[in-house]
Number of protein chains: 2
Amino acid sequence: MDVETRAQSFETALRRAGVRITRQRAALLRVLAAAEDHPDANQLHTRATEAGAGVSLATVYRTLTALEAQGVIVKLEFEGESARFEPADGLHHDHMIDVETGEVTEFMSERIERLQAEIAAELGFEIVRHRLELYVRRRK
Amino acid sequence: MDVETRAQSFETALRRAGVRITRQRAALLRVLAAAEDHPDANQLHTRATEAGAGVSLATVYRTLTALEAQGVIVKLEFEGESARFEPADGLHHDHMIDVETGEVTEFMSERIERLQAEIAAELGFEIVRHRLELYVRRRK
DNA sequence: TTGGTTGCAAATTCTTTGCAAAGCT
DNA sequence: AGCTTTGCAAAGAATTTGCAACCAA
């Protein structure tokens with residue numbers, strides 16, 4: 001799915017929820033749709049600005065909050081950093097962060113997911129959401 | 001292990017690392033040793049104050065930083081909350097947070113730990129540390 | 001003695017918010 | 001038109017830090 005198509009699908013999801021698509025939001029959706037990394041609010045603000053769209057940082061934050069509420073993006077909070085965001089592509093995954101380079105790798109394990117659910121169930125709970133982050137280092 | 005004994009072992013660990021045990025630190029160590037829950041800096045400050053020890057919030061933060069560096073306590077950062085701390089009792093464990101009550105339950109799964117290591121290894125990494133939090137709800 | 005430690009207030013960092021002007025639909 | 005959204009600057013919340021006075025070892 002190319003950037004424009006993805007941005008369009010984000011817009012559709014938002015309109016369906018009654019969220020207005022302003023010039024600022026359209027710009028942010030494109031920046032988000034194009035993000036290969038996991039940018040924070042500041043980076044998104046910079047990128048939107050560089051793309052020629054005037055957007056205030058306050059609006060970036062407000063829009064991110066709205067997008068997260070609609071399930072269009074996911075907020076990530078790694079240790080010692082400001083919040084980062086990634087487009088929600090449907091499939092859940094967890095993150096591995098290289099403590100030396102900062103590089104982020106996504107991964108997903110059905111087995112871990114299942115074990116988590118089992119553990120919660122044993123204690124009488126069901127999982128609402130979870131957070132799994134592996135802080136790693138390249139092996140020599 | 002009772003509170004006093006545990007506080008003493010904390011002190012010993014700190015002295016061994018060349019950290020001075022001031023009146024303020026001794027008071028905080030006792031508060032931490034007695035904590036059954038997972039208090040944040042503010043709560044620790046309040047408890048130390050109620051216990052009759054004059055400690056400033058800045059010192060609480062500075063001391064917590066030192067204790068964490070010595071591996072005596074562990075810092076927890078749950079979603080949407082300020083940092084909490086728990087005494088490090090040697091054995092690693094993860095946390096389950098009831099999103100309705102805020103209740104925190106500790107758990108540990110050798111199988112999940114092993115799977116995490118395997119996944120990291122497959123991608124050429126070794127785990128430095130990790131963070132696993134399950135946000136749960138009581139089952140009806 | 002003396003280098004680590006404290007308290008206080010000011011500074012930081014990230015994020016949120018009040019309000020009047022402006023913009024979607 | 002009507003209700004949402006924006007920008008700006010101010011407010012917040014959590015945590016850190018500069019500096020002079022203080023105190024463990």
Side-chain angles (χ1 to χ4, degrees), chain A residues 7-8 10-32 38-49 51-70 72-85, chain B residues 7-8 10-31 38-46 48-49 51-70 72-85:
Chain A
Q8 285 296 340
F10 285 170
E11 281 199 15
T12 306
L14 290 176
R15 280 185 206 282
R16 205 151 30 209
V19 174
R20 292 185 184 175
I21 305 302
T22 60
R23 173 180 57 74
Q24 292 86 335
R25 286 184 178 165
L28 280 171
L29 289 181
R30 267 152 196 76
V31 170
L32 278 163
H38 303 79
D40 62 20
N42 237 316
Q43 294 174 303
L44 290 167
H45 178 235
T46 301
R47 293 180 198 180
T49 302
V55 188
S56 72
L57 187 54
T59 292
V60 171
Y61 274 109
R62 275 188 285 229
T63 299
L64 289 172
T65 301
L67 300 189
E68 195 196 3
Q70 296 308 323
V72 167
I73 60 172
V74 174
K75 180 196 240 181
L76 307 174
E77 298 182 274
F78 299 150
E79 289 180 4
E81 305 182 5
S82 41
R84 298 170 173 232
F85 301 84
Chain B
Q8 285 297 339
F10 285 171
E11 280 198 16
T12 307
L14 291 177
R15 280 185 208 283
R16 202 149 34 208
V19 174
R20 292 187 185 175
I21 305 303
T22 60
R23 175 181 56 74
Q24 291 88 334
R25 286 184 178 163
L28 281 170
L29 289 181
R30 266 151 198 76
V31 170
H38 302 81
D40 63 20
N42 237 317
Q43 294 173 302
L44 291 167
H45 178 235
T46 302
T49 302
V55 188
S56 72
L57 188 53
T59 293
V60 171
Y61 275 109
R62 276 188 284 229
T63 300
L64 288 173
T65 301
L67 300 189
E68 196 197 2
Q70 296 309 322
V72 167
I73 61 172
V74 175
K75 180 197 241 181
L76 306 174
E77 297 183 275
F78 299 152
E79 289 180 4
E81 306 182 5
S82 40
R84 297 169 173 232
F85 301 83

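Convention: sequence-line order gives letters A, B, ...; per-chain numbering from 1.
- Distances from the side chain of Leu57(A) to the nucleotides dT15(C), dT5(C), dA14(D) place dT15(C) closest.
- Rounded to an integer number of Å, the gap from Ile21(A) CD1 to dT4(D) P is 15 Å.
- Side-chain nitrogen and oxygen atoms of Thr22(B) include at least one within less than 4.0 Å of the OP1 or OP2 phosphate oxygen of dT6(C).
- The side chain of Thr59(B) lies closest to dT6(C), out of dT6(C), dA25(D), dT25(C).
- When side chains are defined from C-beta on, Leu32(A) counts as touching Leu64(A), because their heavy atoms get closer than 4.5 Å.
- An OP1 or OP2 oxygen of dG7(C) is reached within less than 4.0 angstrom by a side-chain nitrogen or oxygen of Gln24(B).
- Remark: C1' of dG7(C) and CG of Leu28(B) are 14 Å apart, rounded to the nearest angstrom.
- In the helix from dT1(C)-dA25(D) to dT25(C)-dA1(D), the terminal helix axes, each the rotation mapping four pairs' C1' atoms onto the next four within five end pairs, subtend 40°, rounded to 10°.
- Between Lys75(B) and Val55(A), the residue anchored closer to the 5' end of DNA chain D is Val55(A), taking for each the nucleotide with the nearest heavy atom.
- At whole-Å resolution of the value, CG in Leu64(A) and P in dT6(D) are 11 Å apart.
- Nearest nucleotide to the Arg15(B) side chain, out of dA25(D), dG7(C), dT15(D): dA25(D).
- Remark: side-chain polar atoms of Arg23(A) are paired, donor with acceptor, to backbone N or O of Gly54(A) under 3.5 angstrom.
- Here Ala83(B) lies in heavy-atom contact (under 4.0 Å) with sugar-phosphate atoms only.
- Side-chain proximity of Thr63(A) to the nucleotides dT6(D), dA14(D), dT4(D) is greatest for dT6(D).
- A distance of 5.0 Å separates OG1 in Thr63(B) from CZ in Arg25(B), rounded to the nearest 0.5 Å.
- Distance CG (Leu14(A)) to P (dT25(C)): 11 Å, rounded to an integer number of Å.
- In this structure, CZ on Phe10(B) lies 10.5 Å from CZ on Arg30(B), to the nearest 0.5 angstrom.
- Between the side chain of Arg23(B) and the base of dC23(D), no donor-acceptor pair of N or O atoms lies under 3.5 Å.
- Distance CG (Asn42(B)) to P (dT15(D)): 9 Å, rounded to an integer number of Å.
- Counting to the nearest Å, the P atom of dC14(C) and the CD atom of Glu79(A) are 16 Å from each other.
- The one candidate from Val74(B), Ile73(B), Leu28(B) that meets the side chain to side chain contact (heavy atoms under 4.5 Å, CB included) condition with Leu67(B) is Ile73(B).
- Between the His45(A) side chain and the Val55(A) main chain, a donor and an acceptor come within less than 3.5 Å of each other.
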Show me the protein contacts with nucleotides 17-19 of chain D, counting only N or O atoms at under 3.5 Å.
unit_1	atom_1	unit_2	atom_2	d
dG18(D)	O6	Arg62(B)	NH1	3.3

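- Between Asp40(B) atom CG and dA13(D) atom P there is a gap of 14 Å when expressed in whole angstrom units.
- To the nearest 0.5 angstrom, Leu57(A) atom CG is 10.0 Å from Arg62(A) atom CZ.
- Among the atoms of the strands shown, only primed sugar atoms or phosphate atoms (P, OP1, OP2) are found under 4.0 Å from some heavy atom of Gly54(B).
- Taking CZ of Arg15(A) as the start and CD1 of Ile21(A) as the end, the distance is 5.0 Å to the nearest 0.5 Å.
- Note: CD (Glu68(A)) to C1' (dT15(C)) measures 13 Å, nearest angstrom.
- Here the closest heavy-atom approach between residue Phe85(B) and residue Ala41(B) is recorded as CE1-N, 4.2 Å.
- Of the possible polar contacts, one joining the Gln43(A) side chain to the Asp40(A) backbone as a donor-acceptor pair under 3.5 Å is found.
- Checked against dT15(D), dA25(D), dT16(D), the side chain of Arg20(B) finds its nearest nucleotide in dA25(D).
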